[in-house]
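Contents: one structure, followed by commentary.
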Amino acid sequence: MTVSTLLNNIYRVLREHFGYLNWWPAETPFEVVIGTVLTQNVAWSNVEKSILQLKEQGLLDLTRLLTSKPEIVKRCIMPSGYYNVKYHRLMELLTFIKNELKGDILNLKKFDLLTARNKLLSIRGVGKETADSILLYALDFPIFVVDAYTKRTFYRVGILKRRDMDYDKVQEIFMKNLKRDVKLYNDYHAQIVELSKNYCKKVPICESCPIKRLCRRIID
Ligand code: SF4
């Protein structure tokens with residue numbers, strides 16, 4: 001079976017199992033941006049609490065976030081952990097949106113994918129996963145998001161040679177072997193997260209895993 005066939009078959013099985021997951025869980029592109037920073041190194045359930053608190057304080061707004069007292073914003077984002085670091089990362093990103101994009105993240109759509117990505121990566125605290133999540137989930141650019149779950153699961157499946165493979169190389173494998181399709185990239189990443197949270201965990205639950213017949217089950 002080619003890598004392309006295997007990746008497509010895995011997606012088909014996951015989609016049948018979990019259904020279409022309709023990511024990103026946010027009401028606006030701006031909310032996606034906030035979520036991509038807050039979700040770094042924590043579970044999404046913690047991010048939801050932070051977003052809710054920001055909403056309740058009327059702070060899900062670029063200008064209000066940038067002009068609010070740091071301690072008020074930090075209190076709201078505290079459930080997401082590392083709140084001092086995340087506060088500064090958030091401010092760097094929001095300042096970029098204000099100064100370079102006239103206050104609207106959607107203005108990044110005026111650039112081609114590579115230029116838009118490089119602009120995001122030039123912001124302190126924005127790494128590849130965060131940049132690609134913004135590009136895909138806030139702006140509908142066709143780019144595949146890679147995370148630690150992707151590497152762990154697809155190493156076990158037998159598609160990645162090493163679990164610590166470079167971000168760009170993993171991304172290239174998916175993008176070379178899947179149709180260039182925003183909706184597919186959007187849902188495939190969501191399916192991987194769901195699979196990794198429920199079955200392909202630190203200690204995998206292979207017996208009930210929906211893709212066990214497609215997996216080489218390389219467990220270290
Ligand atoms: S069969 Fe096991 S190792 Fe393979 S994807 Fe499922 S849980 Fe992970």
Salt-bridge contact [X]-[Y] (side-chain N to carboxylate O under 4.0 Å):
| X | Y | value |
| --- | --- | --- |
| Asp181 | Lys179 | yes |
| Arg117 | Asp132 | yes |
| Lys55 | Glu27 | yes |
| Glu100 | Lys110 | no |
| Lys109 | Asp140 | no |

Is the distance from the ring center of Trp23 to that of Trp44 below 6.0 Å?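 So the answer is no for these two rings.
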For the residue pair [X] and [Y], confirm or rule out a side-chain donor-acceptor distance under 3.5 Å.
| X | Y | answer |
| --- | --- | --- |
| Tyr155 | Asp164 | no |
| Ser133 | Thr130 | no |
| Asp147 | Thr150 | yes |
| Arg64 | Gln57 | no |

Under a 4.5 Å side-chain heavy-atom rule over Ile, Leu, Val, Met, Phe, Trp and Tyr, are Val13 and Met1 clustered together?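 Yes, because Val13 and Met1 connect within a single hydrophobic cluster, where side-chain heavy atoms sit under 4.5 Å apart.
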Who are the ring-ring contact (aromatic ring centres under 6.0 Å, His included) partners of His88, not counting sequence neighbours?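 If we apply the ring-ring contact (aromatic ring centres under 6.0 Å, His included) test to His88, skipping adjacent residues, there are no hits.
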Going by ring-ring contact (aromatic ring centres under 6.0 Å, His included), name the residues that satisfy it together with Phe144, two or more places apart in sequence or in a different chain.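 Phe144: ring-ring contact (aromatic ring centres under 6.0 Å, His included) contacts with Phe174, Tyr185, Tyr188.
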Would you call the rings of His189 and Tyr137 parallel, tilted or perpendicular if under 30° counts as parallel and over 60° as perpendicular?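 Plane angle between 30° and 60°, so tilted.
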Taking the cut-offs as 6.0 angstrom to the six-membered ring centre and 45 degrees off its axis, would you call Lys74 and Tyr83 a cation-pi pair?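 No; the conditions do not both hold, so Lys74 does not lie above the ring face of Tyr83.
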Over-ring placement of Lys183 relative to Tyr20, 6.0 Å and 45° cut-offs: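 Satisfied, under 6.0 Å and within 45°.
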With sequence neighbours excluded, give me every ring pair (Phe, Tyr, Trp, His ring centres under 6.0 Å) pair touching residues 90-128.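 As it turns out, there is no ring pair (Phe, Tyr, Trp, His ring centres under 6.0 Å) pair with a partner in residues 90-128 once direct neighbours are skipped.
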Side chain proximity check, Asp166 to Val170, heavy atoms < 4.5 angstrom: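 Not in contact.
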